[in-house]
Amino acid sequence: MITPISGFSKLSKEEKIDWLSQTYLAHNTNARKILTQYWNPDSGLQQLHEEFTENTLSNYYLPFGLAPNFLINDRLYAVPMAIEESSVIAAASKAAKFWSDRGGFKAEVLGTEKIGQVHFMYSGDGKKLEHFFNSIKPTLLEAVAPLTKNMEKRGGGVMNMELRDKTKLLDNYYQLHCTFETKDSMGANFINSCLERFAETFREAAKSHEAFNATEKEIEIVMSILSNYVPGCIVRAEVSCPVTALADQGMSGEDFAAKFVRALKIAEAEPYRAVTHNKGIMNGIDAVVLATGNDFRAVEAGIHAYASKDGKYSSLTHAEVHDGQFRFWMEIPLALGTVGGLTALHPLSKIALEILQKPSAEELMKIVAVAGLAQNFAAVKSLITTGIQQGHMKMHLMNILNQFQATAQEKEILISHFKNHNVSHSAVEQQLEKLRS
């Protein structure tokens with residue numbers, strides 16, 4: 001019978017593995033070996049990784065790859081990607097090459113506004129609360145001056161603050177809705193620190209506000225936290241070319257464009273398709289976000305919320321043909337940073353940003369959006385021509401061979417064989433059995 005453990009976090013890494021091996025992995029004789037195999041031989045680098053989070057046992061590797069030939073706003077990039085899924089980097093690279101011959105990608109940042117909120121409960125006269133907020137607003141901004149001083153030197157800081165009445169959604173519920181500019185920093189810690197100072201100052205001032213009665217003075221701060229939904233922090237990425245330049249694999253440019261636009265219309269109309277469609281976009285986005293040490297979970301949450309901004313989950317990308325010109329584009333919210341956090345600590349993240357020619361946060365927004373657009377183009381292109389599985393399973397072949405512990409010689413023979421045959425798990429298994437018999 002397994003019993004709870006006390007003081008696990010105080011154990012050394014070796015002691016944690018001992019306990020884990022005895023308690024949950026007693027039947028796995030290789031568990032300890034696997035966990036220790038992934039330790040970095042450089043003790044300093046290993047310690048750095050361990051201190052990123054808590055209760056670290058080992059390191060979890062993802063492939064760190066490169067998609068070259070991205071022409072973005074007439075500047076050539078090689079885009080680093082950290083991802084384990086087969087065919088993503090190959091597809092992105094193929095799309096990048098395709099569009100580099102047709103003028104490349106265009107990207108533009110439309111806004112960089114980030115949001116944080118102080119959520120609080122107030123029982124009383126809404127008009128009195130509004131007057132109190134207007135009178136205390138300068139004091140609130142003054143209270144965070146020590147926190148915003150350096151950010152303001154870089155052109156950032158608190159941009160605006162407003163009182164929002166949410167009592168129609170929840171009794172007595174109000175917000176201080178604040179907007180921020182954090183420049184090249186993602187800004188989560190900065191925003192949250194400002195919000196907590198706002199909340200403390202707001203609550204204390206309410207206690208001595210003469211117009212409030214005893215109940216109104218007792219404002220209850222529920223929480224102070226940034227939002228990962230940033231519809232004011234938007235980047236647009238797009239490609240365009242004459243329809244005739246889209247001719248592909250025996251399909252005319254006109255037919256290709258018509259099928260592509262129709263596929264996008266389905267993703268706009270049908271949520272079941274839109275989710276998978278947008279997941280493909282995130283294959284490209286997440287891979288670059290992760291490689292550069294940014295928070296892919298925050299990016300995912302914000303982008304998927306944006307996909308529902310019109311009341312129904314829909315495609316993030318759009319396409320049209322107008323006057324013989326094909327256009328494919330996307331607008332998404334992206335809150336990214338190129339200074340602070342893991343971007344300044346993780347050695348590979350620093351290398352990734354160097355590969356990208358040390359971009360500003362706005363430049364990184366453009367690159368990440370383009371990676372998502374390229375990935376989506378490649379996926380839809382496959383769907384309307386050869387089908388998604390042909391290319392994907394070719395790339396997945398090596399994973400299947402590794403599952404069967406194929407030797408180097410077997411891999412060489414089967415890779416050659418499957419150049420002209422459809423790849424499936426069962427087909428690979430059959431060919432391996434033939435070789436081994």
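Residues: numbered from 1 along the sequence shown.
Evaluation of the side-chain hydrogen bond (donor to acceptor under 3.5 Å, both in side chains) rule for K411 yields N402 as partners, not counting sequence neighbours. Y174 pairs by the ring pair (Phe, Tyr, Trp, His ring centres under 6.0 Å) definition with F120, Y122, not counting sequence neighbours. Residues that satisfy the ring pair (Phe, Tyr, Trp, His ring centres under 6.0 Å) test with Y60, not counting sequence neighbours, are absent from this structure. Under the rule for a ring pair (Phe, Tyr, Trp, His ring centres under 6.0 Å), the partners of F52 that lie at least two apart in sequence or sit in another chain are H49, H346. Residues passing the side chain to side chain contact (heavy atoms under 4.5 Å, CB included) test with D42 are N40, L45, sequence neighbours excluded. In this view, N150 and K153, R154 satisfy the side chain to side chain contact (heavy atoms under 4.5 Å, CB included) rule, not counting sequence neighbours.
Sorted by first and then second residue, the side-chain hydrogen bond (donor to acceptor under 3.5 Å, both in side chains) pairs involving residues 427-437 (not counting sequence neighbours) are E410-R436. Among pairs with a residue in residues 266-289, none fulfils ring-ring contact (aromatic ring centres under 6.0 Å, His included), at least two apart in sequence or across chains. Within the structure, no pair that satisfies the salt bridge (Lys or Arg N to Asp or Glu O under 4.0 Å) test touches residues 140-149, not counting sequence neighbours. Residue pairs meeting the salt bridge (Lys or Arg N to Asp or Glu O under 4.0 Å) criterion with at least one partner in residues 17-31, sequence neighbours excluded, are D18-R32. Among pairs with a residue in residues 274-297, those fulfilling salt bridge (Lys or Arg N to Asp or Glu O under 4.0 Å) read E85-K279, D295-R297, at least two apart in sequence or across chains.
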For residues 326-335, run the donor-acceptor check on the side chains, cut-off 3.5 Å, and write out each pair with its distance to 0.1 Å, sequence neighbours left out.
residue: R327; atom: NE; partner: E238; partner atom: OE1; Å: 3.2
residue: E331; atom: OE2; partner: R236; partner atom: NE; Å: 2.9
residue: E331; atom: OE2; partner: R236; partner atom: NH2; Å: 3.0

